[in-house]
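To keep things clear, I will list the structure first and then write my remarks on it.
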Amino acid sequence: MKTFLVGGAVRDRLLGRPTQDHDWVVVGGSPEGMVAKGFLPVGRDFPVFLHPQTKEEYALARTERKSGRGYHGFVFQATPEVTLEEDLARRDLTINAMAQAEDGALVDPYGGQADIQARVLRHVSPAFGEDPVRILRLARFAARLPDFTVAPETAALMRRMVDEGEADHLVAERVWQELARGLMEARPSRMFEVLRDCGALARLLPEVERLWGVPQRADYHPEVDTGVHLMMVLDMSARLQASLPVRFACLCHDLGKGTTPADVLPRHLGHEGRSAKLLKDVCERLRVPNECRELADVVAREHGNIHRSEDLSAAATVRLLERLDAFRKPVRVPDILQACECDARGRLGFEERAYLPATQLPEALHACLAVDTAALAAQAIDKGLRGPAIAQVIQQARIEALKPLRPAAED
């Protein structure tokens, strides 16, 4: 029985990147032998075990055979006779199909090291085409390693997979998992470029795909193309090290521009409401977590008003903060504003420009939160006021608190 370090740890060492997770393959082992050595079995579909001390994963070398459509359509075989080369052959990319022996020797039967040096993402074997999740994984690696290109034969294989309907069998959970991980990579735009190139984006996120080729006003968007703008916004979110909810909000903030009637282009009046409606469809289809869904909804509906907030009167500012639910959830406001900042700075020539609402709206919120709403409510009740009338008293007090900070414009 021999043990090899495999996959990402080997790849990242050769790339000079930090190594966090360690995955191991055991050749010549059996489930009974692993349990006898104190390993804890955890795999449902194939034999995977946790090391009794380090808790790292050790998997028995295995082969796989396609048995149906989609991610779950595989039959696995894990026996002592399976070789390391056979195990590595089932992996997606050559850069992930390397192993390191216990003596430190590199095992690289499929040219992963050469592809790292050439900065190429290449599939190991035709078996890549049997699992549609691998399209998403490759796109995610393109976002993590933006200086890598996709091998022409791999790009062609992914297009065939999409054309043959393999990508249509992806389950929502896996799409969201890979999409979320890709959004958190160094250059998220690369993921969407790869998915567009093979046709997968149109199948998985048609709401995003249709943004390319849609013009915007050149005076406000020198990059003009809405899809190009979206990619700049996503890369700005990575530059600002934004959280996943913020990055997802950036992805979905302009979906409505893809449905703007052609006769009113390049203006996009009302796109915010259309964006929120399309966002709901995306979230339901991909089963997006509530934290991401709720933040994206607020940003989709209100990003235009937030961009213009420095010119709002005190009364209009209070109403905006109410729509943001800022008085109940003030901790969420920085994320809302960061998504809007990414939108504002994700434009050609605006990348280094300061985003004033990011400082002005928190100041306004702070002034409003300083209002003693409990005391005001008690006084209003003593006067016989109820319900909406009390809310109106509190709203007016917040407006008065804001007046010294806001322009005296008419509402």
Side-chain angles (χ1 to χ4, degrees), residues 6-8 10-11 23 25 45-46 59 61-78 82-99 108-116 118-145 148-182 185 190-206 208-209 285-286:
V6 295
V10 180
R11 176 199 67 230
D23 294 316
V25 160
D45 299 322
F46 43 80
R62 64 187 186 270
T63 60
E64 61 186 32
R65 176 174 55 83
K66 186 71 170 175
S67 62
R69 287 282 197 174
Y71 173 66
H72 295 292
F74 292 91
V75 173
F76 298 94
Q77 179 185 15
V82 177
T83 67
L84 177 62
E85 288 73 18
E86 288 174 325
D87 181 274
L88 294 176
R90 66 176 179 78
R91 297 174 184 268
D92 51 5
L93 304 175
T94 59
I95 65 172
N96 296 330
M98 297 178 286
D108 182 19
Y110 304 106
Q113 187 173 23
D115 281 341
I116 284 179
R119 293 298 194 260
V120 172
L121 299 172
R122 190 190 316 275
H123 65 287
V124 175
S125 74
F128 181 101
E130 298 175 349
D131 184 357
V133 173
R134 291 178 169 179
I135 295 175
L136 292 167
R137 279 177 53 82
L138 187 147
R140 172 165 62 83
F141 275 108
R144 179 183 299 182
L145 305 169
F148 278 56
T149 59
V150 181
E153 63 270 26
T154 302
L157 174 58
M158 292 195 298
R159 284 192 287 271
R160 286 199 302 274
M161 293 170 67
V162 174
D163 291 343
E164 293 169 1
E166 191 68 32
D168 299 334
H169 296 274
L170 284 163
V171 297
E173 291 83 359
R174 287 311 305 271
V175 174
W176 171 250
Q177 181 183 43
E178 294 297 329
L179 178 66
R181 294 178 70 179
E185 298 291 3
R190 285 281 290 132
M191 175 173 62
F192 294 93
E193 290 169 5
V194 169
L195 292 176
R196 282 195 75 221
D197 183 62
C198 70
L201 188 62
R203 303 291 185 91
L204 301 174
L205 284 171
V208 175
E209 166 69 27
R285 187 169 71 244
L286 299 185

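Just so you know, these numbers use all the heavy atoms, side chains as well, and skip hydrogens, waters and symmetry mates. Residues take their numbers from the sequence shown, with the count starting at 1.
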Contact between Val120 and Thr149 at the side-chain level, heavy atoms closer than 4.5 Å - yes or no? yes

Here's a test for you: under side-chain contact (heavy atoms from CB on, under 4.5 Å), which of Leu205, Leu201, Leu179 qualifies with Leu195? Leu201

Salt bridge present between Glu193 and Arg196 (N-O < 4.0 angstrom): no

Applying salt bridge (charged side-chain N to carboxylate O under 4.0 Å, His left out), name anything that partners Arg285, two or more places apart in sequence or on another chain. Glu207

First locate atom CZ of Arg91, then atom CG of Asn96, and finally report the distance between them rounded to the nearest 0.5 Å. 8.0 Å

Distance-minimising heavy-atom pair for Ile116 and Met98: CD1-CE, 3.7 Å

Would you say the side chain of Arg203 lies within less than 4.5 Å of the side chain of Leu170, judging by non-hydrogen atoms? no

Over all heavy atoms of both residues, which pair between Asp87 and Ala61 is shortest? Give the atoms and the distance, please. OD2-CA, 3.4 Å

CA sep, side-chain torsions, deciding dist, call: Met158, Phe128, side-chain contact (heavy atoms from CB on, under 4.5 Å): CA-CA 9 Å; Met158 292 195 298; Phe128 181 101; 3.8 Å; yes

How far does CZ of Arg134 sit from NE2 of His123, to the nearest 0.5 angstrom? 10.5 Å

What I'd like to find out is whether the side chain of Glu209 reaches to under 4.5 Å of the side chain of Phe192, using heavy atoms alone. no

Heavy-atom closest contact (Gly112 atom, Asp108 atom, distance): N-OD1, 2.7 Å

Regarding Arg174 and Glu178, does a basic nitrogen lie under 4.0 Å from an acidic carboxylate oxygen? yes

Tell me, with the steps shown, if Leu136 and Arg140 meet side-chain contact (heavy atoms from CB on, under 4.5 Å). CA-CA 6 Å; Leu136 292 167; Arg140 172 165 62 83; over 6 Å; no

Begin from the C-alpha positions of Asp131 and Glu166 and carry the test side-chain contact (heavy atoms from CB on, under 4.5 Å) through to its verdict. CA-CA 8 Å; Asp131 184 357; Glu166 191 68 32; over 6 Å; no

Nearest non-hydrogen partners of Leu88 and Ala99, listed with the distance: CD1-CB, 4.2 Å

Kindly give the heavy-atom pair with the smallest separation between Ser125 and Ala89, and that separation in Å. OG-O, 3.6 Å

When you look at Leu138 and Asp92, which way does the side-chain contact (heavy atoms from CB on, under 4.5 Å) test go after all the steps? CA-CA 8 Å; Leu138 187 147; Asp92 51 5; over 6 Å; no

If you measure from CZ on Arg137 to CG on Leu121, what distance do you get to the nearest 0.5 Å? 11.5 Å

From CD (Glu130) to CE (Met161), nearest 0.5 Å: 9.0 Å

Residues Ala151 and Arg122: closest non-hydrogen pair is CB-NH1, 3.7 Å

Interatomic distance, Arg119 atom CZ to Ile95 atom CD1 [nearest 0.5 angstrom]: 9.5 Å

